[in-house]
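A short write-up of the structure that comes next.
Side-chain atoms are counted along with the backbone in the values below, which use heavy atoms only and exclude waters and symmetry mates. This is a predicted model, so every value here is computed, not measured. Chain letters run A, B, ... following the sequence lines, proteins first and then strands; every chain starts at 1.
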2 protein chains.
Amino acid sequence: MMKLAKELNLSVSTVSKALLDSYEISAATKQRVIELAKKYNYKPNPFASSLRKGKSKFIAVIIPEVNNNFFSMAMDGIQTLATEKGYDVLVYLTHESQSNEISVLDHLEISHVDGVIMSLCSQTLSFEHIENFNTESHLPLVFFDRIATLDSFPRVITNNYESAFQATMHLFSQKVKSPIYLYTSEWNYINKERHRGFKDAVIQNGLTFTDDFVIKCTEDSEINKSIIHDLLTSEKPPDAIFTSIEKLAINVYEVANELKVKIPDQLKVISFSNLRTASLLAPSLSTITQPAFEMGEQAAKMLFKMIEKKSYKNSNDIISIDSILYLRDSTKSN
Amino acid sequence: MMKLAKELNLSVSTVSKALLDSYEISAATKQRVIELAKKYNYKPNPFASSLRKGKSKFIAVIIPEVNNNFFSMAMDGIQTLATEKGYDVLVYLTHESQSNEISVLDHLEISHVDGVIMSLCSQTLSFEHIENFNTESHLPLVFFDRIATLDSFPRVITNNYESAFQATMHLFSQKVKSPIYLYTSEWNYINKERHRGFKDAVIQNGLTFTDDFVIKCTEDSEINKSIIHDLLTSEKPPDAIFTSIEKLAINVYEVANELKVKIPDQLKVISFSNLRTASLLAPSLSTITQPAFEMGEQAAKMLFKMIEKKSYKNSNDIISIDSILYLRDSTKSN
DNA sequence: CTGAAAGCGCTTACAG
DNA sequence: CTGAAAGCGCTTACAG
């Protein structure tokens, strides 16, 4: 910049203003500056301007994992909007570990991003680290899907209650007598909502709801498979399994294959899932598919609104986008 | 920092050095500084230090898409190493468009990341933008999988030739007479390598290799399905299809389902793929699975070596990690 | 072992 | 319309 200024016999201030297209600068000067900048392929230093302006044009995305269709599609949605708005996206993976989640937030406190979009790991049930982060950093923060149930943050969710309800009703319509709901890890917001929908549908079908209808799994596939194995070889195996996540549905398929339990004849399966190959599985898997891309997009949209308007303190909006129920062979009654 | 300095009756320089654990500072002073910093929850401004040091502790990852098991697993590998090394990761998606690729690189020229890891989009056949980027930015740049065939850059690849050769030999061992190789979009490095392996195996089995054995597809699923449809309903449909990417294999399954073509009896299918559900498809899909996580890890390892040693100009190393051939039902002979 | 000073490369309030 | 000056918050070569 100094170089440009010298060569053009202008001050650094004028050059800076010209490059920022300031109304203070004459058209002629602007043109001279821009031309020379082009000639020298001059690029302003973003750290200097970030330092000066206190804005980085970076946003952070914190997700449990990226090798998961839901989160990778959501990230795609976020990226799309960020690119449009001229923001760069920093990605942090927590690998479903709350201690990682905490260290990422600690790190972000000093990293001067302009805002954060986050989906919690499934073990996260307490939110002190979120609140601490908020009071320390005062950064705009938007949750999506696995949200913190704190009023102070805007969030993008899907209709977990209704879709779980509908999926369970569908199972009963397919002559299911005793359905089981499998969920991972912890009694977090999402599982609670889905569980409510499941429970209400069970009750609506005249059954007495008991704890046997709900089984908690883990993050470890092998353990989950042995849980499912025990369940399917028990005295009273269920007619149907409804899983909270894709991975569990895959585990159910694997164990059913091993045990030669026929899906859907002996066991119906439905799951929350964004698997692209759901329709190609043997048998094709009935799914509740979350609008991942749109959820990411909406979360980004909210975040940028907050960043630009600086009105984030009271913007505790909630956006809910409906999931879609895809009924396939895994829940078909003969 | 000024605040700390004042309260401790020290200079800003001393405080800065104390926080950086400089050998110049006495243990006692260090302790006082660190304690007060903790009390005030002081966080240094990374832009200021980046500006001063000319290092950002950011790396950029440029990939065609994230909603793809190969790339998301590779990203996971990169992230893992970056976290270890204390780097933050900026992610850029090109959506398989070379013009996006160019604008990302243009943008990175000014964004002062410390290094770049990149996998090209499939249409990218010319590398001027890569060379321009290199001469403009002089940033360490590592390629993985979809590499630029330029000697000046280190790269992490897999044994495309050998695995394509083996997969094709396997097809012949399953009584295949006329196999076809489907690839997407462009005649890039990867497709060339795989094609060579395919071709050599075909010739080794006594066939005369002709262009009919190779069909170019697109990025558009619908068009690909119609190409596959035409192929399977042609006068002489192939006994087997070998696809360069997962999506094409899925398209083959979809079309075969529509046409009631039985896999593997009438048509054998094998594909490069990192699909987790390959073994649950109907029928289970034989795959060549690339070591995605490890490739990402190795690419990151090379990048950090270059960043730390600043010897990147002549480090045109090539790391190759073998893929694994998973033989499943889609290539089984009766 | 500590500190004063320069400087990283910008932006902006202010003066003219 | 242009420019001088201060300052964003650090780090580091240098002096003592």
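Put simply, the side chain of Ser119(B) never gets that close to the backbone of Asp145(B): no donor and acceptor are under 3.5 Å apart. A donor-acceptor pair is defined here as one N or O able to donate and one able to accept, closer than 3.5 Å; such a pair exists between the side chain of Gln79(B) and the backbone of Val91(A). Using modelled atom types, no side-chain atom of Glu101(B) and backbone atom of Thr124(B) make a donor-acceptor pair closer than 3.5 Å. Without hydrogens or angle criteria, Asn188(A) side chain to Leu125(A) main chain gives no donor-acceptor distance under 3.5 Å. Side-chain atoms of Ser22(A) do not come within 3.5 Å of backbone N or O of Ala18(A) as any donor-acceptor pair. Judged by distance alone, with hydrogens and angles left aside, the side-chain atoms of Asn274(A) form a donor-acceptor pair with the main-chain N or O of Gln290(A) at under 3.5 Å.
For the pair Tyr42(A) and dC10(C), the criterion of a side-chain N or O lying under 4.0 Å from OP1 or OP2 is met. Note on Ser50(B): every side-chain N or O is 4.0 Å or more away from OP1 and OP2 of dC8(C).
The interatomic distance linking Leu8(B) (CG) with dC1(C) (C1') rounds to 16 Å, in whole Å. Nucleotide dC8(C) holds its P atom 9 Å from the CG atom of Leu51(B), rounded to whole Å. For the pair Leu10(A) CG and dA4(D) C1', the interatomic distance rounds to 14 Å; values are reported in whole Å. When rounded to the nearest whole Å, the span between CG of Asn9(A) and C1' of dG3(D) equals 13 Å. Distance Lys53(A) NZ to dC8(D) C1': 13 Å, rounded to the nearest Å. Rounded to whole Å, atom C1' of dC8(C) lies 12 Å from atom CZ of Phe47(A). Atom P of nucleotide dT2(C) and atom NZ of Lys6(B) are separated by 20 Å, given to the nearest angstrom. Remark: P of dG3(C) and CG of Leu4(B) are 14 Å apart, rounded to the nearest angstrom.
Of all heavy-atom pairs between Lys39(A) and Glu7(A), the closest is NZ-OE2, 4.2 Å.
Side-chain proximity of Thr29(A) to dG9(C), dC1(D), dG3(D): nearest is dC1(D).
DNA chain C lies under 4.0 Å from no heavy atom of any residue of residues 32-39 of chain B. Within residues 14-27 of chain A, the residues having any heavy atom closer than 4.0 Å to DNA chain D are, in order of number, Thr14(A), Lys17(A), Glu24(A), Ile25(A), Ser26(A).
Using a 4.0 Å heavy-atom distance criterion, Ser13(A) is classed as a base contact. At the heavy-atom level, Lys3(A) lies nowhere under 4.0 Å from the strands shown.
A salt bridge links Arg146(A) with Glu96(A); the closest basic N to acidic carboxylate O contact falls under 4.0 Å. Under 4.0 Å is where a charged nitrogen must lie from a carboxylate oxygen, and between Glu136(A) and Lys43(B) no such pair does.
No side-chain donor-acceptor contact under 3.5 Å links Tyr92(A) and Asn100(A). Neither side chain, Thr80(A) nor Glu297(A), offers a donor N or O lying under 3.5 Å from an acceptor on the other.
Counting only Watson-Crick and G-U wobble pairs whose two key distances fall under 3.5 Å, DNA chain C forms stems of three or more stacked pairs at C:1-3 with D:14-16, C:5-12 with D:5-12, C:14-16 with D:1-3.
Distance check: Lys17(A) NZ to Thr29(A) OG1 gives 11.5 Å after rounding to the nearest 0.5 Å.
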